[in-house]
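Excluded from the calculations below are hydrogen atoms, water molecules and symmetry mates; all remaining heavy atoms, backbone and side chain alike, are included.
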Amino acid sequence: MPLDPKRIIRRGSVPVSALVLGLVATLHAQDLEPRAYSNSPIGLNFAIAGYAYAKGEVLTDPSLPLENVSNESHVSAFGFATTFRVFSQSGKFDFLIPYASLAAQGEVSGVPRARYVNGFSDPAFRFSMNFFGAPALTAAEFKDYLQDVILGASLRVTAPLGQYDSEKLVNIGTNRWSLKPEIGFSKAFGRWTVEVAPAVTLYPDNGDFFGGQTREVAPLYSAQAHVSYTFAPGAWLALNASYFVGGRTTVDDVENQDEQEGLRFGATLALPVNRYHSVKLYGITGYNAHREHDFQAIGIAWQVRWGGGY
């Protein structure tokens, strides 16, 4: 029996699309990733290239001791993902390599400062696996799959390989690793899909912060939620929201009063171009703990997939 390409496009186009929102999220610490735990046939490979523009009062490291901050950033990125079997369920490995151009202004101890810098951000690597509801299927088997409830988990690691100058407060890289374990829940209601994903991000120390100081960052707790609607094969629209709190810093054993707290809201539109290519448009806006608007971004990404019986 021949495969139904529309059925495959509808369910097989989304696992790496979550990387798109990582273009900005990687630089600003908060993710909005719809359909991150949806199922796809095993053996698929995805490549993605994208661009994002962001501006606001949030830096690559929001806990830096700066006041009256404003910045603009242009971010391009390349990502790759592949799907495979993990026991009886589907799993995924992906990575993202962003490159950014950042223009930032602010005050340090009341003195105006400006910083203009280009370079690679810290690359992100992630392993994801589903516990139930997303069986490992070939493309031929996948044509009969319909989602109900999916429960999964992921671990994202960023490596300290991005641009960093210890003589500067503002950098694109962070000079430290980060670990983000996350649990993901996804439930389909016909054309609608509802997702919830709580997580915590852990930060080892940066031992070369601003002239050789040691900087610690407390865990950052977050939760994101998404509601998406599939209105055509491979085409869907998602509304996204996230909340985060934590990340207080300590420099040379002196604790700072700089705990982060805020909200992010966004929308994502995915459109297929043909069986192998798709495009995604998205926007994000953010508010701090005082309900003041502090961040906004827009972006576009192109995805191509191959393998797995395509």
Less than 4.0 Å between a side-chain N and a carboxylate O, is that true for Arg215 and Asp205? no
Any side-chain heavy atom of Arg248 within less than 4.5 Å of one from Asp258? yes
Taking Glu195 for its side chain and Arg35 for its backbone only, find out whether a donor-acceptor pair lies under 3.5 Å. yes
Measure from the side-chain N and O atoms of Arg191 to the backbone N and O of Thr230, and report whether any donor-acceptor pair falls under 3.5 Å. yes
Do you know which two heavy atoms are closest between Phe125 and Ala159, and how far apart they sit? CE1-CB, 4.4 Å
Could you give me the CA-CA distance, side-chain angles and deciding distance for Tyr229 and Phe189, then say whether side-chain contact (heavy atoms from CB on, under 4.5 Å) is met? CA-CA 9 Å; Tyr229 180 76; Phe189 300 91; over 6 Å; no
Any donor and acceptor pair, going by atom type alone, linking the side chain of Asn71 with main-chain N or O of Gly56 inside 3.5 Å? yes
Test item: Glu216 side-chain N/O and Thr250 main-chain N/O as donor-acceptor pair under 3.5 Å: no
N/O donor-acceptor pair under 3.5 Å between Asn130 side chain and Phe132 backbone: no
Euclidean distance, Phe84 CZ relative to Ser40 OG, rounded to 0.5 Å: 12.5 Å
Side chain Arg115, main chain Val170, donor-acceptor under 3.5 Å: yes
Flag the pair Val117 / Asn171 as yes when at least one side-chain heavy-atom distance between them is below 4.5 Å, and no otherwise. no
When you measure from the side chain of Thr268 to the backbone N and O of Tyr282, does any donor-acceptor pair fall under 3.5 Å? no
Gap separating the OG atom of Ser186 from the CG atom of Asn39, nearest 0.5 angstrom: 10.0 Å
Beyond-backbone contact of Trp236 with Pro34, side-chain heavy atoms, under 4.5 angstrom: yes
Is the shortest heavy-atom distance from the side chain of Val200 to the side chain of Pro181 under 4.5 Å? yes
Under 6.0 Å from the CZ atom of Phe87, do we count more than 12 heavy atoms belonging to anything else shown? no
Hey, are the side chains of His74 and Tyr51 touching, using non-hydrogen atoms and a 4.5 Å cut-off? yes
Measuring from atom OG1 of Thr82 to atom CG of Asn45, what distance do you get when rounded to the nearest 0.5 angstrom? 4.0 Å
Between Trp306 and Phe80, how do the two ring planes meet: parallel, tilted or perpendicular, split at 30° and 60°? tilted
Please report the shortest heavy-atom distance between Ala197 and Tyr37, naming the atom on each side. CB-CE1, 4.5 Å
With distance as the sole test, does Asp122 use its side chain to make a donor-acceptor pair with the main-chain N or O of Gly162 at under 3.5 Å? yes
Has Arg85 got a side-chain atom pairing as donor or acceptor with Gly43's backbone, closer than 3.5 angstrom? no
Around atom CZ of Phe265, are there more than 12 heavy atoms of other residues, nucleotides or ligands at under 6.0 Å? yes
To the nearest 0.5 Å, tell me how far Phe244 CZ sits from Glu261 CD. 8.5 Å
Do Thr214 and Asp253 have side chains that get closer than 4.5 Å, going by heavy atoms? no
Under 4.0 Å between a Lys/Arg side-chain N and an Asp/Glu carboxylate O for Arg126 and Glu33? yes
Note, Val273 side chain near Trp302 side chain (heavy atom, < 4.5 Å): yes
Does Asn240 use its side chain to pair, donor to acceptor, with the backbone of Gln224 at less than 3.5 Å? no
Any heavy-atom pair between the side chains of Phe209 and Thr249 that's under 4.5 Å? no
